[in-house]
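Structure record follows, encoded as structure tokens.
One-based numbering, in listed order, for ligands and for the atoms of each.
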Amino acid sequence: MEFPYSLRDTQRDIIKDVKEVLENSSHLVFEAPTGSGKTIAVLYPVVRYALKNNKKIIYLVHTNSQEQQVIKEAKRLGVFAVALQGRANLCPLARERFQGGNAEELSLLCSRLKKDVINGKREACPYYSNYMESGEEILEFIKVVHTAEEVFKKAMELGVCPYEAIKDAIKEATLIVAPYIYFLYPFIRRNLIEKMGYALQDIILIVDEAHNLPEVAREMRSMELTIRSLELMESEALEYENPRILGHTIADIGEFLKESIYAMEKFLQEEEGLIPHYAFEEEISKFLGIGMNDFEELSRQLIYYGEMVREDKIKRRKLPRSHIYHAGSFLYLWKEAYSYEFIRLIRGGKTPSIEIYSMDPSLITDVIKGVHSSIHLSGTLALENYRNLTGLPEDTVMKRYPSPFPQENLKVLYVDDVTTRYGEVEKHIDNIASYLERIIKMGRNTAIFFPSYSLLSKIEERMKIDALVEKRGMRQYALFEMVERFRGEGGAILSVLGGRLYEGMNFPGEQLEIVVIVGVPYPKPTPRVKMLERYYESKFGNGWEYAFKIPALIKIRQAIGRLIRSEEDRGVAVILDKRAPLFRGEIPAKRAENLIKEIENFFKR
Ligand code: SF4
């Protein structure tokens with residue numbers, strides 16, 4: 001197998017390190033700039049090793065565009081790869097009739113419909129029925145290696161189920177491309193590995209855009225109960241004869257739970273607050289007149305009735321969603337999750353909610369240690385921090401590969417007379433607005449990233465110049481239209497760090513020449529973030545870095561990284577905050593004596 005491109009030095013280094021890691025059956029965490037060709041540099045040695053040593057590869061992606069990139073490279077390598085997505089994307093019935101169904105609901109529904117088809121009720125799922133009768137053509141199509149969306153389109157032409165076809169193709173494939181949850185959820189992972197016909201230790205795992213993994217893992221173990229879902233639980237109970245649990249109707253229990261959530265608002269500090277141990281249980285006990293020991297019984301019975309609702313909905317060919325079930329599961333987790341890594345939160349606003357939040361991603365990602373080798377790659381990664389958060393072994397190889405692009409193509413500047421520091425920002429707003437106006441007037445294509453929508457709108461109000469603005473909650477089509485306008489006409493575009501514009505869109509060449517980062521985007525010191533700081537302090541001894549510094553650093557570097565994605569790209573990044581030197585070791589920013597002049601000089605060269 002030949003490397004399908006002309007090889008760059010960075011790629012040569014990556015290939016060498018990946019080979020070593022595979023031979024030693026160990027783990028590699030690395031950072032290499034976007035555009036450096038790291039996907040193929042990882043895939044090439046991994047595919048060769050897997051074919052030679054009878055291993056299988058799971059390549060985890062965070063977005064569909066990453067999946068497309070991996071499939072493109074797999075085609076060039078000539079390896080049989082299958083792109084897997086959840087039923088929400090690949091089940092035609094989910095797209096037609098059951099939009100918004102989650103993985104568990106769609107799985108329940110699908111199992112029942114398939115059973116009905118097998119028992120002769122063809123109409124239960126015609127796509128499955130057609131696939132059972134004549135699935136050969138779609139399976140042949142999949143063998144040529146396609147993205148999940150391409151398989152979906154072809155399956156629709158043939159009237160067969162793409163999800164089932166892809167599942168059946170997994171066994172033959174060397175490379176499976178899948179969203180994170182396919183490996184992180186124990187139940188889904190077991191199914192996947194069983195389908196592949198290999199043991200965990202025969203899997204080589206690749207995690208793309210790995211900086212996202214810790215937060216995805218945290219969210220997987222967290223759960224929320226909202227006032228809205230309790231209102232829906234009450235309606236659901238009334239629809240199903242409102243059964244009694246511990247002497248109360250389910251609708252009344254919903255009402256008491258709502259009251260108990262409102263009672264937690266006394267713990268709010270601004271929009272969020274920590275709920276002390278047992279405070280919520282005591283409130284419920286008071287309302288329901290039950291003992292603390294009955295709490296488990298309450299959750300179990302809610303789950304029991306919720307399952308009956310789900311079963312009934314499946315029979316009626318409806319999405320098996322039960323708000324009674326959700327409340328029961330939430331209360332069950334609430335009671336169980338009393339280890340140090342969980343916190344309980346109240347969130348304020350018009351419709352408050354309570355949340356169980358898991359602070360430790362390693363409890364989910366620990367399983368990675370069981371694979372043959374794992375390779376974690378990203379354009380921006382704090383290596384040691386990532387290794388510790390995910391619980392990878394001490395001897396994990398950590399590498400940072402230099403940019404293959406000319407260093408002189410990027411200039412990073414900061415100014416030291418403004419800041420967005422909490423408590424100081426108000427007196428700097430006019431000055432920041434003035435900087436932005438002067439930068440925009442230069443007529444270069446400029447993206448300006450703010451730490452929050454509220455600061456964006458405050459500063460935008462003071463600016464006396466036109467710019468495109470990404471508004472909070474903007475519809476996808478409106479955002480795309482705005483981006484197309486920016487690409488076509490140029491000018492300035494205002495957005496937030498971590499927003500959709502910042503994450504997933506490319507602006508090659510002169511489409512983007514200047515990136516401005518307004519302030520240092522430290523997370524807001526909410527009770528949740530402070531608890532994360534405390535947790536990491538006790539676990540790793542440097543909580544502030546984990547909870548504040550590294551999230552800010554990653555955001556700044558990602559924003560800067562948008563400028564240079566090929567040899568031809570040139571650009572200037574500007575940090576409008578006097579705190580920029582705190583990142584001196586990681587971001588080589590130079591203090592600007594005369595910002596506008598220095599930018600002009602850069603582009604004159
Ligand atoms: S068999 Fe396919 S089309 Fe039918 S419900 Fe399951 S995933 Fe959807």
Side-chain angles (χ1 to χ4, degrees), residues 58 60-61 64 67-68 71 81-173 176-197 306-322 325:
I58 299 179
L60 298 180
V61 292
N64 290 350
E67 177 214 285
Q68 286 161 16
I71 289 295
V82 166
L84 189 59
Q85 287 184 11
R87 286 187 181 84
N89 286 336
L90 285 181
C91 165
L93 293 184
R95 290 200 189 189
E96 289 161 15
R97 284 166 34 201
F98 304 113
Q99 284 122 343
N102 63 35
E104 190 192 358
E105 291 162 351
L106 293 173
S107 165
L108 278 174
L109 189 66
C110 175
S111 305
R112 175 58 62 89
L113 296 179
K114 285 193 300 190
K115 212 180 266 175
D116 287 353
V117 170
I118 290 164
N119 290 331
K121 291 184 192 149
R122 193 186 176 284
E123 71 290 353
C125 178
Y127 299 104
Y128 184 64
S129 173
N130 292 344
Y131 175 66
M132 296 293 283
E133 280 162 20
S134 51
E136 302 78 23
E137 194 173 341
I138 189 72
L139 287 171
E140 283 304 311
F141 181 81
I142 292 172
K143 275 191 190 145
V144 186
V145 182
H146 290 91
T147 64
E149 192 55 32
E150 286 165 349
V151 174
F152 184 87
K153 280 196 187 128
K154 181 69 182 175
M156 290 308 89
E157 278 169 30
L158 300 169
V160 298
C161 172
Y163 185 82
E164 289 296 315
I166 288 177
K167 249 173 49 182
D168 286 343
I170 284 173
K171 201 168 175 47
E172 303 298 322
I176 315 294
V177 189
Y180 288 179
I181 61 155
Y182 272 83
F183 193 80
L184 297 184
Y185 266 117
F187 174 69
I188 304 181
R189 176 178 62 246
R190 273 196 297 275
N191 274 346
L192 174 62
I193 291 177
E194 199 183 298
K195 280 260 165 218
M196 292 166 83
E307 277 172 345
M308 285 179 29
V309 171
R310 299 209 305 187
E311 183 58 29
D312 177 68
K313 287 191 172 175
I314 289 176
K315 273 192 203 140
R316 293 193 287 135
R317 304 270 194 268
K318 288 184 147 193
L319 191 67
R321 174 160 303 168
S322 165
Y325 182 86

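The nearest N, O or S atom of C125 is closer to atom 4 (Fe) of ligand 1 than 2.8 Å. In summary, C91 places an N/O/S atom under 2.8 Å from atom 8 (Fe) of ligand 1, meeting the contact criterion.
Judged by distance alone, the side chain of E67 and the main-chain N or O of A148 form a donor-acceptor pair under 3.5 Å. Between the E105 side chain and the N102 main chain, a donor and an acceptor come within less than 3.5 Å of each other.
The closest protein non-hydrogen atom to atom 2 (Fe) of ligand 1 is C161 SG, 2.3 Å. The protein heavy-atom contact nearest to atom 6 (Fe) of ligand 1 is C110 SG, 2.3 Å.
Below 4.0 Å from some heavy atom of P92 lie the following atoms of ligand 1, by number and element: 3 (S). Atoms of ligand 1 found under 4.0 Å from any heavy atom of Y128, numbered from 1 in the order shown, are 1 (S).
In summary, the side chains of S129 and R122 do present a donor paired with an acceptor at a separation below 3.5 Å, with no hydrogens or angles considered. Checked by atom type, the side-chain pair Y127/E96 shows a donor-acceptor distance below 3.5 Å.
Smallest separation of non-hydrogen atoms from E164 and C110: OE2-SG, 4.2 Å.
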